[in-house]
Colleague: 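Please find one structure pasted underneath; my questions will follow.
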Protein chains: 2
Amino acid sequence: MKEPIWTRERKAPPRETLSREQIVKTAMGILDSEGVTGLSMRKLAARLDAGATSLYWHVPTKDDLVDLLIDEVWGEIDVPEPELAGWRSGALLFGHSMRSALLRHPWLPEVMYTRPSLGPNAMSLGSRGLVLFEAGGFSDHDIDLAMSSVMSYVLGTVSAEVATREMVRKSGRSEETWVSEMMEQAQAVASEYPEMQKSVRRRTSLGLDSSLTENFVFGLDALLDGLATRVTK
Amino acid sequence: MKEPIWTRERKAPPRETLSREQIVKTAMGILDSEGVTGLSMRKLAARLDAGATSLYWHVPTKDDLVDLLIDEVWGEIDVPEPELAGWRSGALLFGHSMRSALLRHPWLPEVMYTRPSLGPNAMSLGSRGLVLFEAGGFSDHDIDLAMSSVMSYVLGTVSAEVATREMVRKSGRSEETWVSEMMEQAQAVASEYPEMQKSVRRRTSLGLDSSLTENFVFGLDALLDGLATRVTK
DNA sequence: CTAGTCACTCGCACACTGTACGACAAGCTC
DNA sequence: GAGCTTGTCGTACAGTGTGCGAGTGACTAG
């Protein structure tokens with residue numbers, strides 16, 4: 001009579017092997033710190049002390065790997081239960097949670113717009129979002145319109161924010177000197193675009209961080225105000 | 001006495017040469033039809049009957065070329081003069097114009113979030129937008145907050161829309177069969193995500209196009225409603 | 001103990017990318 | 001003619017994703 005596997009002892013510790021989780025995790029590290037162009041299969045493999053093509057046993061293609069990484073990010077986003085906060089502050093919280101996830105993983109905008117990406121975490125996120133807006137009293141027809149307008153707003157704003165921060169980073173300057181250089185440029189073309197100059201000056205008075213946060217909050221607030229008038233129940 | 005140039009005849013027609021405009025134009029064609037991955041310097045050169053490296057005399061790098069292309073798209077977006085329509089319908093028009101430009105050039109989202117891109121058309125667009133909102137009666141402080149929330153909303157929504165369309169295209173199925181396949185998938189995981197199922201069904205009843213347009217309009221309307229309450233003057 | 005079958009690793013090779021370099025040519029001004 | 005500017009392009013290099021097939025360690029059946 002054969003003894004079942006889980007009681008039987010292993011003769012020797014199992015061979016150390018790569019795992020999909022491990023690959024995803026270190027790929028995430030590379031992506032977060034070096035961006036999309038910094039991630040190559042060879043570099044990833046090297047960091048795992050493995051041959052480049054070994055990865056392909058665990059992951060079909062690089063694109064699939066990126067899909068896994070995207071879904072990982074969706075998994076980091078909170079959606080509060082509606083009974084805890086009400087839909088409005090729930091949506092606000094959701095927006096902020098989504099923003100901070102995107103700021104932690106600034107590579108996401110440049111890859112997410114070319115691919116399906118309907119992994120389990122994305123599904124769960126979408127589902128929980130819909131629950132929130134349903135509880136908020138939107139009509140059946142409006143629930144996912146409301147939900148997806150909030151998601152799109154956050155996505156767009158934070159993508160733009162990430163692009164701005166990227167601009168600063170690439171310039172190699174510090175934040176302050178970058179802002180002041182922008183000011184100079186704005187001065188130079190002031191005659192052509194007087195409005196832009198005012199805008200830059202307005203943003204300069206706050207720091208870059210606060211200015212971007214204010215931007216995000218202002219629009220989200222306005223959008224939620226607009227959505228509030230569409231609550232019917 | 002030397003005769004001025006414009007009266008002097010050319011001895012021979014000038015040598016045919018590449019031009020930046022020409023390069024930009026055919027690159028735009030490739031990008032629009034084959035997407036970002038379809039654009040390579042060699043392919044672009046081949047389509048111009050030129051050697052690959054000849055392009056580098058007219059354009060410093062491929063990235064710079066893409067920057068030119070992005071600014072070209074910004075140039076296609078209308079912003080109405082405020083006195084023609086008022087800020088609200090002006091903003092609506094602007095949003096639709098921006099949307100259709102992005103739908104014509106669906107490659108834009110995947111490249112715009114990694115780079116500066118403050119070309120002349122972008123500047124002019126921003127400036128005209130600010131004029132519109134200023135005339136709308138927003139406080140000095142709110143003008144560019146309002147403006148950029150609209151831009152971000154449109155950007156985010158249409159980027160997501162483009163991604164959806166890309167999904168359909170890549171699947172190789174027709175629009176209808178794709179939608180019904182989505183329905184099946186939704187049925188399959190219905191127990192886990194009942195909300196998603198409802199959402200998919202709602203979208204299925206309209207066509208894909210109308211559903212996406214409705215989505216866009218709904219959120220933009222809500223956002224503008226919210227912004228309207230912030231008009232002070 | 002041997003033979004066989006999985007699960008997994010990895011070197012090589014291929015086609016492709018952006019672009020630096022330097023040789024070359026055509027047209028213009030002296 | 002000489003010399004300069006403008007422009008073209010072949011070659012080469014370092015890098016990419018990944019298909020293929022050989023190889024290896026751990027396990028099981030006989």
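Here is how names work: the chains are called A, B, and so on, in the same order as the sequence lines, proteins then strands, and each is numbered from 1.
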Colleague: Between A:Ser148 and B:Asn215, does the side-chain hydrogen bond (donor to acceptor under 3.5 Å, both in side chains) criterion hold? Intermediate values first, please.
Modeller: CA-CA 8 Å; A:Ser148 77; B:Asn215 210 319; 2.8 Å; yes

Colleague: Measure from the side chain of A:Arg42, starting at C-beta and using heavy atoms only, and say which of C:dG18, C:dA13, C:dC8 lies closest.
Modeller: C:dA13

Colleague: Please name the pair of heavy atoms, one in A:Pro60 and one in A:Arg20, separated by the smallest distance, quoted to 0.1 Å.
Modeller: CD-NH2, 4.4 Å

Colleague: Quick one: label A:Ala50 by what it contacts on the DNA or RNA (base, sugar-phosphate, nothing), any heavy atom closer than 4.0 Å.
Modeller: sugar-phosphate

Colleague: Rounded off to whole Å, could you give me the NZ-to-P distance for the B:Lys43 and C:dT17 pair?
Modeller: 7 Å

Colleague: Hey, is the main chain of B:Thr114 close enough, under 3.5 Å, to the side chain of A:Lys170 for a donor-acceptor pair?
Modeller: yes

Colleague: B:Trp57 CH2 to C:dA26 C1': how many Å, rounded?
Modeller: 14 Å

Colleague: Kindly point out which of D:dT18, C:dT9, C:dC10 is positioned nearest to the side chain of A:Tyr56?
Modeller: D:dT18

Colleague: Let me know the distance between CG of B:Leu55 and C1' of C:dG18, rounded to the nearest Å.
Modeller: 11 Å

Colleague: Could you give the NZ-to-P distance, from A:Lys62 to D:dG19, as a whole number of Å?
Modeller: 14 Å

Colleague: Mind checking if A:Leu65 touches a base, just sugar-phosphate, or nothing, with heavy atoms under 4.0 Å?
Modeller: nothing

Colleague: Measure from CE on B:Met41 to C1' on C:dA15 and round the result to the nearest Å.
Modeller: 19 Å

Colleague: Figure out the CG/P separation between A:Leu44 and D:dG15, and round it to whole Å.
Modeller: 17 Å

Colleague: Is A:Ser54 close enough to C:dC8 that one of its side-chain N or O atoms is under 4.0 Å from OP1 or OP2 there?
Modeller: no

Colleague: Heavy atoms from C-beta onward define the side chain here; which of C:dG18, D:dC9, D:dT16 lies closest to that of A:Ser40?
Modeller: D:dT16

Colleague: Is any side-chain nitrogen or oxygen of B:His58 closer than 4.0 Å to OP1 or OP2 of D:dT8?
Modeller: yes

Colleague: Between B:Arg203 and A:Asp144, does at least one N-O distance fall below 4.0 Å, as a salt bridge requires?
Modeller: yes

Colleague: Do B:Arg99 and B:Glu161 meet the salt-bridge criterion of a basic N to acidic O distance under 4.0 Å?
Modeller: yes

Colleague: Below the 4.0 Å mark, does D:dT8 have OP1 or OP2 next to a side-chain nitrogen or oxygen of B:Thr53?
Modeller: no

Colleague: For B:Ile23 and D:dT8, give me the distance from atom CD1 to atom C1', rounded to whole Å.
Modeller: 12 Å

Colleague: Over how many whole Å does the gap from B:Asp64 atom CG to C:dT19 atom P extend?
Modeller: 9 Å

